[in-house]
Amino acid sequence: MAEIVRMPKMSDTMTEGVIAKWHKKVGDQVKSGELMAEIETDKATMDYESFNEGTILYIGASEGQAVKVNDVLAIIGKKGEDYKALLESARQSADTGGSKPESPKTEAVVQPAIDTSSIKAEIVLMPKMSDTMSEGVIAAWHKNVGDPVKSGELLAEIETDKATMEYESYNTGTLLYIGADAGKSVPVNGVLAIIGEKGADWQTLLKAHEAKNSGGAPAKPAASTTTSGAVAASPVAQTQPAAAVQSNGRIKASPLAKRLAKEKGYDIGKITGSGDQGRITKRDVENYKPATEGTGKAGASVVLPTVVGQESFEEVPVSQMRKTIARRLSESKFTAPHFYLTMEINMDKAVEARKSINEVSPVKISFNDMVLKAVAAALRQHPDVNVSWLGDKIRKNHHIHIGVAVAVKDGLVVPVVRFADNKSLSHIAAEVKDLAQKAHDKKLQPSEWEGSTFTISNLGMFGIEEFTAIINPPDACILAVGGIKETAVVKNGQLVPGNVMKVTLSCDHRAVDGAVGAAFLKTLKGLLEDPVRILI
């Protein structure tokens, strides 16, 4: 009988796996224990060995595609066996989640269409003035209901999420309706105003628009009022534009018009405004033709060079590791109340000790190895830092397993040095190098990245002097280690050169208090400033 093979949960944080490679195809025989596929989890790429025997009848995803944990990975059974009913049953179970099917919905009553073809007016919608704008607040109206409005005239000032911007009308007619008073917001594509022929039935037009947006039948389009005849009949349109310069010498122009004139090198005082009371609009600047200068001295026009460029970008699918990093660290940062303790450590003796140790050590000892050993020794003296937050209880760990953050191509992994307090410096150095190489090669096994009780993140090798790290749950603390910097220090009342390293302890305040974390750092400082003590 055919059986469904489901995507296994290969790590404690795994939610889906990507098929890195199939070692079997449909129609192939597979035995229990035989390599069936390679699956990329959020931690590493791992081999999946079959627990079933038979013929592969169906494969749930191609190479490079993701399959959620417990979804169908494959179906194995007898050759020629019909598996479609089994697959369909699995899909239905996944779609419904075991819930009862929804009862059929009754059809909505279709409202009769509202005829707006004879209404000589148009609805003005709130424009999207920035890429992140979802609504605009009316900062000020420059027209009242009943006022005539011309195309290009300043209608309102609208406050977006970026700035307060002027909105110039694209319609000509009478302002019949205002969608919101000053100080109130209007969503993007919401009704800002209605402009049209004086006395037009704007109430019916508005009702038709609301019915359309609420799912009713679409209204017939209204006739445009911005015809040449309508403009010619308007006595306002026939008058000549007023001067743009006020009695106090201030030029009336929109900010957009001023900026555009500056970019083009125009003297805005020479441009005739067509807006309200001679206000200069964007359109006036665009239509302005500078006159040829006659005799006499004239300032040279500033011509800005045209910068030619091309915008481009590339969108890369998020890896399983990056998805998990985003999810777990977001949960940690926004659920665990972090606080930070920073301490400066004199590393003069540590520098000397490392030099002496490396003369006899079978493997090269790094400063990170020394920090790890010192942290393990300090945790033994301060067990209240070596804890895990489990929601309704705190786990006090009697063992010391230290996670070491390792940067890899797709993000970050944290292999674990187990029982670090019982290991020598050379043992720690060899183990960290081996784990780091496995992390880069994506060959870490779950037993090598699970179970940390404390984490160290070291960016000192990149020249970082000081930083804060996000706690790796369920640990209660993480130590951020900066680089060793040669600087002036005070020793015996004298200013002398010294080697200083800064460390910052991030603590989950639910499990660790400030005094507890400070005492731990004081012990760590003492161990690193006199590194012979970590060998005891």
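The model shown is predicted, which means the values in this text are computed figures rather than measured ones. Position 1 is the first residue of the sequence, and the numbers go up from there.
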Polar side-chain atom of T116 near backbone of I119 as donor-acceptor pair, under 3.5 Å:
no

Taking every non-hydrogen atom, the tightest pair across I478 and S457:
CD1-CB, 4.3 Å

Anything under 30° is parallel, anything over 60° is perpendicular, the rest tilted; go ahead and classify Y288 against Y266.
perpendicular

Spatial distance of atom CD1 (I56) from atom CD1 (I75) [nearest 0.5 Å]:
11.5 Å

Heavy-atom pair with the smallest gap, counting every atom of R510 and T335:
NH1-O, 3.7 Å

Is it true that atom CD of E263 has more than 12 heavy atoms of other residues, nucleotides or ligands lying nearer than 6.0 Å?
yes

Pairwise distance CG(D47) to NZ(K21) - rounded to 0.5 angstrom:
10.5 Å

Should P290 and K264 count as side-chain neighbours, where that means a heavy-atom distance under 4.5 Å?
no

side-chain contact (heavy atoms from CB on, under 4.5 Å) between Q203 and K207, intermediate numbers included:
CA-CA 6 Å; Q203 293 94 337; K207 185 178 178 182; over 6 Å; no

Hey, is the main chain of E153 close enough, under 3.5 Å, to the side chain of S169 for a donor-acceptor pair?
no

Between the side chain of W141 and the main-chain N/O of A180, is any donor-acceptor distance below 3.5 Å?
yes

Is the backbone N or O of A469 less than 3.5 Å from a side-chain atom of S506, with the two atoms forming a donor-acceptor pair by type?
yes

Is it true that a side-chain atom of R328 and a backbone atom of P473 form a donor plus acceptor pair closer than 3.5 Å?
yes

To the nearest 0.5 Å, tell me how far H142 NE2 sits from L154 CG.
4.0 Å

Nearest-0.5 Å distance, CG of residue D71 to CZ of residue R6
7.5 Å

Within the structure provided, determine whether M7 and I39 are in side-chain contact (heavy-atom separation under 4.5 Å).
yes

Taking D82 for the side chain and K84 for the main chain, is one N or O donor matched with an acceptor at less than 3.5 Å?
yes

What do the steps show when you test V408 against H440 for side-chain contact (heavy atoms from CB on, under 4.5 Å), and what is the final call?
CA-CA 6 Å; V408 295; H440 286 291; 3.9 Å; yes

Do you know which two heavy atoms are closest between V69 and P8, and how far apart they sit?
CG2-O, 4.2 Å

Aromatic ring pairing Y340/H338, orientation class (parallel under 30°, perpendicular over 60°, tilted between)
tilted

Residue pair P415 / V406, side-chain heavy-atom distance below 4.5 Å:
yes

Ignoring hydrogens and geometry, is there a side-chain-to-backbone donor-acceptor pair from T174 to L176 under 3.5 Å?
no

Compare all side-chain heavy atoms of W22 with those of M36 and state whether any distance is below 4.5 angstrom.
yes

Closest heavy-atom pair, G80 versus L57, reported as atoms and distance to 0.1 Å, is N-CD2, 4.3 Å

Which distance, rounded to the nearest 0.5 Å, do you find between the CD of E286 and the CD1 of I271?
11.0 Å

Rounded to the nearest 0.5 Å, what separation is found between the OG1 atom of T172 and the CD atom of E197?
13.0 Å

Do you know the tightest heavy-atom contact between V512 and C477?
CG2-SG, 3.9 Å

With side chains defined as the heavy atoms from C-beta onward, is the minimum distance between P337 and D508 less than 4.5 Å?
yes

Using a 4.5 Å cut-off on heavy atoms from C-beta on, say whether the side chain of P187 contacts that of M126.
no

When you look at CZ of F339, are more than 12 heavy atoms from neighbouring residues, nucleotides or ligands closer to it than 6.0 Å?
yes

Give the intermediate values and the outcome of side-chain contact (heavy atoms from CB on, under 4.5 Å) for residues I194 and H209.
CA-CA 11 Å; I194 298 178; H209 178 79; over 6 Å; no

Take L73 and Y48, measure what side-chain contact (heavy atoms from CB on, under 4.5 Å) needs, and give me the verdict at the end.
CA-CA 11 Å; L73 182 63; Y48 175 75; 4.1 Å; yes

Are the side chains of I138 and L192 in contact, using a 4.5 Å heavy-atom criterion?
yes

Taking all atoms of both residues into account, what is the closest heavy-atom pair of N458 and G482, and its distance?
OD1-O, 4.4 Å

Backbone N or O of A66 within a donor-acceptor pair of the E16 side chain at under 3.5 Å?
no

Are V149 and N171 close enough that some pair of their side-chain heavy atoms sits under 4.5 Å apart?
no

